[in-house]
Amino acid sequence: MATFKDFRNNVKPNWCPGCGDFSVQAAMQRAAANVGLEPENLAVISGIGCSGRISGYINSYGFHGIHGRSLPIAQGVKMSNRDLTVIASGGDGDGFAIGMGHTIHAIRRNIDITYIVMDNQIYGLTKGQTSPRSAAGFKTKSTPQGSIEQAISPMEMALTAGATFVAQSFSTDLKDLTALIEAGIKHKGFSLINVFSPCVTYNKVNTYDWFKENLTKLSDIEGYDPSSREVAMQTLMKHNGLVTGLIYQDTQRQSYQELISGYSETPLAKADLNLDQTYFDKLVGEFM
Ligand SMILES: Cc1ncc(C[n+]2csc(CCOP(=O)(O)OP(=O)(O)O)c2C)c(N)n1
Ligand code: SF4
């Protein structure tokens, strides 16, 4: 049986020392092992950004796609091989700016994949511009006088889009984050896990200390019930979205795969194509 070490490869991450993404990588590897996966059962699909590099740092199938497009690729992978556990990942810019349309539709479609967003509230790879997660007034080189836009609230957005699994974590909470990723993988449907993952180089406002001061753990709220969408929404609004833990889960709704009519039990990737070799070679030859 695989351990988290089997999900390591020999590629050295080129994240800045102290970047929150290191812990997300570790949590993902631990969660994959804890749910009993082998590296060949997992596909990690990412977009572009510092965080998007994560697919290259995990020993599994991987696809480093283009900016904002991890979810279309991940959905294609899952639809063609339902036997794979598919994790999509990337930054808040990737998922909540250029990729927001895909995020909303993947949520409402409820395809059985886990989407992990590394939310540092800034564009890291392109050297520190304001993201849709940056707060109003946030100063960067793209908003030198402070952002005049309101930040997106991804957890509230997910609830209104019909999400069946909504969770949030902080990269230093390795144990909690690992458990949430495990729960997301086991969830039959789309799971969104937003992880506060500080950018130590460009975001000097939303630092580790800032998150420690401002985050509330749902486990500290007496009687919190993640099966109630209404309670989830009220709690998010009360705490300005700054909560961690399992915010909402609907265990009843069927996933896209379960509802799609005529969807074969045999993954498309393993189906007999019934093609003769000459035709197959010609077909493949067109792409070589
Ligand atoms: C189509 C396209 N538009 C813009 C870019 C430039 N670009 C690359 S990464 C990025 C944003 C990075 O921020 P985020 O997704 O939050 O990831 P982080 O680097 O902070 O982890 C942008 C705008 C691009 N690569 N492709
Ligand atoms: S620039 Fe920021 S997000 Fe990118 S690797 Fe460095 S600390 Fe991480």
Side-chain angles (χ1 to χ4, degrees), residues 9 11-29 44-58 62-74 87-107 114-136 138-144 147 149-155 157-158 168-174 177 181 192-212 241:
N9 61 20
V11 185
K12 194 171 173 287
N14 65 350
W15 291 318
C16 309
C19 176
D21 297 352
F22 283 102
S23 307
V24 180
Q25 177 201 15
M28 229 191 251
Q29 289 163 325
V44 180
I45 317 294
S46 62
I48 296 290
C50 296
S51 44
R53 295 193 187 118
I54 202 161
S55 58
Y57 303 153
I58 296 194
F63 196 117
H64 194 175
I66 53 173
H67 193 39
R69 303 291 180 261
S70 66
L71 285 173
I73 299 164
I87 296 181
S89 55
D92 47 304
D94 202 64
F96 302 142
I98 189 169
M100 184 54 131
H102 297 300
T103 303
I104 288 179
H105 292 291
I107 289 171
T114 300
Y115 183 33
I116 300 171
V117 178
M118 283 154 267
D119 181 358
N120 54 19
Q121 317 200 332
I122 201 163
Y123 290 176
L125 187 74
T126 45
K127 300 187 185 292
Q129 297 84 8
T130 293
S131 96
R133 285 288 294 134
S134 308
F138 191 71
K139 285 188 182 169
T140 66
K141 56 191 78 169
S142 63
T143 53
S147 174
E149 298 173 8
Q150 288 299 312
I152 274 172
S153 306
M155 303 287 90
M157 177 279 294
Q168 196 156 249
S169 194
F170 180 30
S171 64
T172 54
D173 292 341
L174 188 59
L177 175 57
I181 299 175
L192 172 64
I193 305 171
N194 191 56
V195 188
F196 297 115
S197 180
C199 171
V200 291
T201 303
Y202 295 112
N203 192 335
K204 304 294 182 191
V205 177
N206 309 111
T207 59
Y208 285 98
D209 286 343
W210 188 90
F211 283 112
K212 271 178 210 147

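Every number for a ligand or one of its atoms is a count from 1 in the order of the listing.
Considering backbone and side-chain N/O of Tyr123, none are found under 3.5 Å from N/O of ligand 1. Between Thr126 and ligand 1, a contact under 3.5 Å exists for no N or O pair. An N or O contact shorter than 3.5 Å links Leu125 to ligand 1 by distance. Distances between N or O atoms of Asn120 and those of ligand 1 include at least one value under 3.5 Å. Taking any N or O of Ile98, backbone or side chain, none lies under 3.5 Å from an N or O belonging to ligand 1.
Note on ring orientation: taking the six-membered ring where Trp is involved, the planes of Tyr208 and Phe170 are tilted (angle from 30° to 60°).
In terms of protein heavy-atom proximity, atom 8 (Fe) of ligand 2 is nearest to Cys19 SG, 2.4 Å. In terms of protein heavy-atom proximity, atom 4 (Fe) of ligand 2 is nearest to Cys50 SG, 2.4 Å. At the shortest separation from atom 26 (N) of ligand 1 among protein heavy atoms lies His67 CB, 3.4 Å. Residue, atom and distance of the protein heavy atom nearest to atom 15 (O) of ligand 1 are Asp94 N, 2.8 Å. Atom 3 (S) of ligand 2 has its closest protein heavy atom at Asn120 ND2, 3.5 Å. The protein heavy atom nearest to atom 2 (Fe) of ligand 2 is Cys199 SG, 2.3 Å.
Side-chain atoms of Trp15 do not come within 3.5 Å of backbone N or O of Asp21 as any donor-acceptor pair. Judged by distance alone, with hydrogens and angles left aside, the side-chain atoms of Asn194 form no donor-acceptor pair with the main-chain N or O of Met155 at under 3.5 Å. Side chain of Ser46 to main chain of Gly52: a donor-acceptor pair is present (N/O by atom type, distance under 3.5 Å, no hydrogens or angles). Within the 3.5 Å criterion, the main-chain N or O of Thr130 finds a donor-acceptor partner in the side chain of Thr140. Distance alone, capped at 3.5 Å, is enough to place a donor-acceptor pair between the His67 side chain and the Ile48 backbone. A donor-acceptor distance shorter than 3.5 angstrom exists from the side chain of Lys204 to the backbone of Val200, with no hydrogens or angles considered.
Residue contacts with ligand 2: Val200 is included, with a non-hydrogen atom under 4.0 Å away. Using 4.0 Å as the threshold, Ile122 has a heavy atom nearer than that to some atom of ligand 1.
Counting all heavy atoms, side chain and backbone alike, Pro154 lies closest to Leu192 at O-CD2, 4.3 Å. Nearest heavy-atom pair across Tyr202 and Gly124 is CE1-O, 3.5 Å. Smallest separation of non-hydrogen atoms from Arg133 and Ile152: NH1-O, 2.8 Å. Taking each heavy atom of Asp94 and Tyr115 in turn, the nearest pair found is C-OH, 4.5 Å. The two residues Asn120 and Ile122 come nearest to each other via the heavy atoms OD1-O, 2.6 Å. Taking each heavy atom of Tyr57 and Gln29 in turn, the nearest pair found is O-NE2, 3.5 Å.
Residue Cys16 does not count as close to atom 8 (Fe) of ligand 2, with no N, O or S atom under 2.8 Å.
Every atom of ligand 1 is numbered from 1 in the order shown, and the set under 4.0 Å from a heavy atom of Cys50 is 18 (P), 19 (O), 21 (O). Close approach to Gly93 involves these atoms of ligand 1, each under 4.0 Å from a residue heavy atom: 14 (P), 15 (O), 16 (O). Below 4.0 Å from some heavy atom of Gly124 lie the following atoms of ligand 1, by number and element: 13 (O), 18 (P), 19 (O), 20 (O). Counting atoms of ligand 1 from 1 in the listed order, those under 4.0 Å from a heavy atom of Ser51 are 17 (O), 18 (P), 21 (O). Annotation for ligand 1: atoms under 4.0 Å from non-hydrogen atoms of Gly49 are 9 (S), 17 (O), 19 (O). The Thr201 neighbourhood of ligand 2 comprises atoms 6 (Fe), 7 (S), with distances under 4.0 Å to a heavy atom of that residue. Residue Tyr202 approaches ligand 2 through these ligand atoms, each under 4.0 Å from one of its heavy atoms: 1 (S). The distance from ligand 1 to the heavy atoms of Gly91 drops below 4.0 Å at these ligand atoms: 14 (P), 15 (O), 16 (O), 17 (O). Residue Asp92 approaches ligand 1 through these ligand atoms, each under 4.0 Å from one of its heavy atoms: 16 (O).
The only member of Ser197, Ser134, Ser131 that meets side-chain hydrogen bond (donor to acceptor under 3.5 Å, both in side chains) when paired with Asp92 is Ser131.
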